[in-house]
Amino acid sequence: MRVALTGATGFLGLRLVRELLCVHDSLTILAHAGSGCALGRITRFMELSGAPDALVEALPGRLHVVETDLSRPLLGLAPAEYRRLADELDVIWHSAGNINLDDDLASLRRTNVDGTRHVLELAAAGAGRPLVHHIGTAFVGGARRDGVVYEDELDDRHGFENNYERSKYEAEVLVRDWSRRHGRPVVVMRPSVLVTDMPPHPELPPHPLRFLARIVEASLPGGGSAEGEPPPEHRPVVRLAGHPLGHLNLMPVEHAAAVMVRLAGLPPSGGADVYHVVHDHDVASTVLTALVERIAPVRVRLVDSRPDDPAPLEAAVDLYPGFTPYLSHRRRFDDTRVRSLLGPLPSGIRVGLDYLVDGVAPRTASTTGAP
Ligand SMILES: NC(=O)c1ccc[n+]([C@@H]2O[C@H](COP(=O)([O-])OP(=O)(O)OC[C@H]3O[C@@H](n4cnc5c(N)ncnc54)[C@H](OP(=O)(O)O)[C@@H]3O)[C@@H](O)[C@H]2O)c1
C-alpha cells in the first residue's frame, strides 16, 4: 500500500510519521519544498524522541521524499511527476497547514484552503482513488463559547474567533463537498489544541503554546532572565479577558497521532467520517493563567472583556490575541463516535500545570518556585 503524508515535518506530522511507520513499511513524504531537508528533520525528531536505533537507521530506506508546495497547482510538481504520484497512491494523509491563528486571512487560505484543494485534486487525478485523511480541527466549531460541539456539525453561524479557524472551516467544507461530488470516502480528524511535555528544542517544530514563552521575555525586565524577580505578592497584576469557569481541551500530540492511526484502520463508511480527537478531560482556564504565572513574574486576573486601557505589561501578556478568547470558552467537544468505535481512550496523561510547563518552558528553579 502506498501511503503519502503532507506536513510530515510538523508538530503533529512527526508523530504521525512515527505511528504510521508501525503499520506501513514505507511512506511517501510530500515535503515542503525549500524548507530544509525533510529526511534530516524527521531523523532528528526520532533521535530526540528516543526512537529505537533500528528505526532511525532504516528511515532513509523507508521514507521516500517528494518536494512539494501545496499552495501551487499540481503541488508545484512537473506534470509527469504529478501524474505518476497520483496514479500510485492508495492513501493520502493531509496534515500540512498554517497554524498561526492571527496570520492574515489570505496567507492562511493559501496554505489551508488552496493547499487542501490541491491535495483533493491529487486524490482525484490518478487511477488509484486514494483515501484522503484530512487533519482538520475541533475549532471549526468557531466562536461558540458554550454547549456541546458534535462531530457532525459544520457551520459558520457563530462566526470565528480568528482567521485560522475560518480557513480551517473553509478547508473542511471543501473536503466534504469533494466527497459528495466524487462519491468518495474521506476521513476528517479534528484534534483540539495539541500539546506535549517534550521539552522545546531548536531542531523541533515549536509547541503550539510557544507564545507563552515569549510572554516571559516580554514581561521580564532583563529580557528573559529570572534574576531579581519580585516575590509573588509584589508581582504586577495583569488583566486578561477570560471566564473563571472557562475550560479548554488540550490533547497530548503523541496520543492524538496514535488515535488517528487507529481511526484510519477502520473501514470508511463511504461518505465523510468526522472524528473529534480530544482529551477526556478539559483544562481549566485558571490552569492556563497559573501557567503564565509560573513562567512569568506576574499575577493574572481574569476579567470580563479585554481592557480598553491595557498597561504595556498587559499588552505583552495578551500578545497572541487569536488565542485569548479561548480563556472564555466553556464548550465541550463530543467524541462519542470515536469512543463508540475504539472504546474508551484513556491516555493516562494528565494535562496539568507541570505537564504544560515542561513542554513550553522546562522547569527550572524559578518555574518550580524553588528558592
Ligand atoms: N497544532 C495544533 O494544536 C493543532 C490543533 C488542531 C489541528 N491542527 C491541525 O493539524 C495539522 C498539523 O499541524 P501542526 O501542529 O503539525 O503544524 P506545524 O507544526 O506548523 O506544521 C505544519 C506542516 O505543514 C507544512 N507546510 C506548511 N506550508 C506548506 C506548503 N505550502 N507546502 C507543503 N507543506 C507545507 C510544514 O512544512 P515546513 O515545516 O517544512 O514548512 C509542516 O510540515 C494542521 O492541519 C493543523 O491545522 C493542529
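Heavy atoms only: backbone and side chains are in, while hydrogens, waters and symmetry mates are out.
Smallest separation of non-hydrogen atoms from Arg15 and Met198: NH2-SD, 3.7 Å. Here the closest non-hydrogen pair linking Ser179 and Ala272 is OG-N, 3.9 Å. Of all non-hydrogen atoms in Leu194 and Ala256, the two that sit nearest each other are CD2-CB, 3.6 Å. Contact record, Asp87 with Gly126: OD1-CA, 3.3 Å, taken as the closest heavy-atom pair. The heavy-atom pair separating Leu89 from Pro130 by the smallest distance is O-CB, 3.6 Å. Contact record, Glu165 with Gly142: OE1-CA, 3.4 Å, taken as the closest heavy-atom pair.
A side-chain donor from one of Glu161 and His329 sits under 3.5 Å from a side-chain acceptor of the other. With hydrogens and angles left out, the side-chain atoms of Thr116 and His94 include a donor and acceptor closer than 3.5 Å. In summary, the side chains of Tyr326 and Asn162 do present a donor paired with an acceptor at a separation below 3.5 Å, with no hydrogens or angles considered. Between the side chains of His247 and Asp282, at least one donor N or O sits under 3.5 Å from an acceptor N or O. Side-chain atoms of Thr196 and Glu254 include a donor-acceptor pair closer than 3.5 Å. Neither side chain, Asn98 nor Thr111, offers a donor N or O lying under 3.5 Å from an acceptor on the other.
Looking at Lys168 and Glu172, no side-chain N of the basic residue comes within less than 4.0 Å of a carboxylate O on the acidic one, giving no salt bridge. Between Arg262 and Glu19, none of the side-chain N atoms (NZ, or NE/NH1/NH2) sits under 4.0 Å from a carboxylate O, so this pair counts as no salt bridge. Between Arg337 and Asp152, at least one side-chain nitrogen of the basic residue sits less than 4.0 Å from a carboxylate oxygen of the acidic one, meeting the salt-bridge criterion. Under the 4.0 Å criterion applied to side-chain N and carboxylate O atoms, Arg339 and Asp335 are assigned as salt-bridge partners. Checked for salt-bridge contact, Arg117 and Asp177 miss the test: no charged N lies under 4.0 Å from a carboxylate O. For the pair Arg41 and Glu203, the salt-bridge criterion is not met [side-chain N within less than 4.0 Å of a carboxylate O].
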Please determine whether side-chain contact (heavy atoms from CB on, under 4.5 Å) holds for the pair Leu240 and Thr324, giving the CA-CA distance in whole Å, both sets of side-chain angles, and the decisive distance to 0.1 Å.
CA-CA 8 Å; Leu240 258 186; Thr324 308; 4.0 Å; yes

Under the criterion side-chain contact (heavy atoms from CB on, under 4.5 Å), I'd like the reasoning laid out for His158 against Asp155: C-alpha separation, chi angles, the key distance, then a yes or no.
CA-CA 8 Å; His158 300 282; Asp155 67 59; 4.2 Å; yes

Decide yes or no on side-chain contact (heavy atoms from CB on, under 4.5 Å) for Leu288 and Val292, but give the supporting numbers first.
CA-CA 6 Å; Leu288 294 170; Val292 174; over 6 Å; no

Test log, rule side-chain contact (heavy atoms from CB on, under 4.5 Å), inputs Tyr320 and Asn100
CA-CA 10 Å; Tyr320 198 26; Asn100 183 350; 3.8 Å; yes

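Hydrophobic clustering, with ILVMFWY side chains joined whenever heavy atoms are under 4.5 angstrom apart, keeps Val303 apart from Val300. No chain of hydrophobic side-chain contacts below 4.5 Å, direct or via other Ile, Leu, Val, Met, Phe, Trp or Tyr residues, connects Val132 to Val3. Hydrophobic clustering of Ile, Leu, Val, Met, Phe, Trp and Tyr side chains at less than 4.5 Å, counting indirect connections, unites Leu39 with Phe11. Following chains of ILVMFWY side-chain contacts shorter than 4.5 Å, one can reach Val238 starting from Phe323, so the two form part of one hydrophobic cluster. Residues Leu154 and Leu263 fall into different hydrophobic clusters, defined by Ile, Leu, Val, Met, Phe, Trp and Tyr side chains chained together at heavy-atom separations under 4.5 Å.
Using a 4.5 Å heavy-atom threshold, the side chains of Asp102 and Asn163 count as separate. Looking at Leu327 and His243, their side chains never come closer than 4.5 Å, going by heavy atoms from C-beta outward. In this structure, the side chains of Val274 and Arg176 come closer than 4.5 Å at one or more pairs of heavy atoms. Between Tyr275 and Val188 the shortest side-chain heavy-atom distance does not fall below 4.5 Å. With contacts defined as side-chain heavy-atom distances shorter than 4.5 Å, the pair Pro208/Val195 does not qualify. Residues Ser95 and Leu12 are in side-chain contact: their nearest non-hydrogen atoms beyond the backbone lie under 4.5 Å apart. A heavy-atom distance below 4.5 Å is not found between the side chains of Val237 and Val298. Within the 4.5 Å cutoff, no side-chain heavy atoms of Val173 are placed close to those of Val140.
In summary, the aromatic rings of Phe333 and Phe139 are positioned with their centroids under 6.0 Å apart.
Around atom CG of Asp308, no more than 12 heavy atoms belonging to other residues, nucleotides or ligands sit under 6.0 Å away. The local environment of NE2 in His281 is sparse, with at most 12 non-hydrogen atoms from other residues, nucleotides or ligands closer than 6.0 Å. Other residues, nucleotides and ligands place more than 12 heavy atoms under 6.0 Å from the CG atom of Asp146. When the shell of 6.0 Å around CG of Asp53 is examined, it contains 12 or fewer heavy atoms from other residues, nucleotides or ligands. Other residues, nucleotides and ligands contribute at most 12 non-hydrogen atoms within 6.0 Å of the CZ atom of Arg301. Under a cut-off of 6.0 angstrom, the local environment of CZ in Arg157 is sparse, with at most 12 non-hydrogen atoms contributed by other residues, nucleotides or ligands.
With hydrogens and angles ignored, the 3.5 Å screen pairs no side-chain donor or acceptor of Glu121 with any backbone N or O of His118. Remark: side-chain polar atoms of Arg110 are not paired, donor with acceptor, to backbone N or O of Leu105 under 3.5 angstrom. Proximity of a side-chain donor or acceptor of Tyr82 to a complementary backbone N or O of Leu122 within less than 3.5 Å is detected. His276 places a side-chain N or O within 3.5 Å of a backbone atom of Asp334 that can act as its donor or acceptor partner. For the pair Arg306 (side chain) and Pro310 (backbone), a donor-acceptor distance under 3.5 Å is absent. Using a distance-only test at 3.5 Å, with no hydrogens or angles considered, a donor-acceptor pair links the side chain of Arg62 to the main chain of Leu21. Side-chain atoms of His24 never come within 3.5 Å of backbone atoms of Ser26 as a donor-acceptor pair (strictly under, hydrogens ignored). The backbone N or O of Ile349 sits less than 3.5 Å from a side-chain atom of His279, completing a donor-acceptor pair. Side-chain N or O atoms of Asp90 include one that pairs as donor or acceptor with a backbone N or O of Arg2 at under 3.5 Å.
Put simply, CZ on Arg190 and CD on Glu151 are 8.0 Å apart, with the number rounded to the nearest 0.5 Å. Separation of atoms CG (Leu356) and CG (Asp197) is listed at 9.0 Å; rounding is to 0.5 Å. With rounding to the nearest 0.5 angstrom, the CG atom of Leu75 is 10.0 Å from the CD atom of Glu81. Remark: Leu27 CG to His64 NE2 distance equals 11.5 Å, nearest 0.5 Å. The OG1 atom of Thr68 sits 5.0 Å away from atom CG of Leu30, with the distance rounded to the nearest 0.5 Å. One distance of note links OG1 of Thr28 with CD1 of Ile92; it measures 10.0 Å at 0.5 Å rounding.
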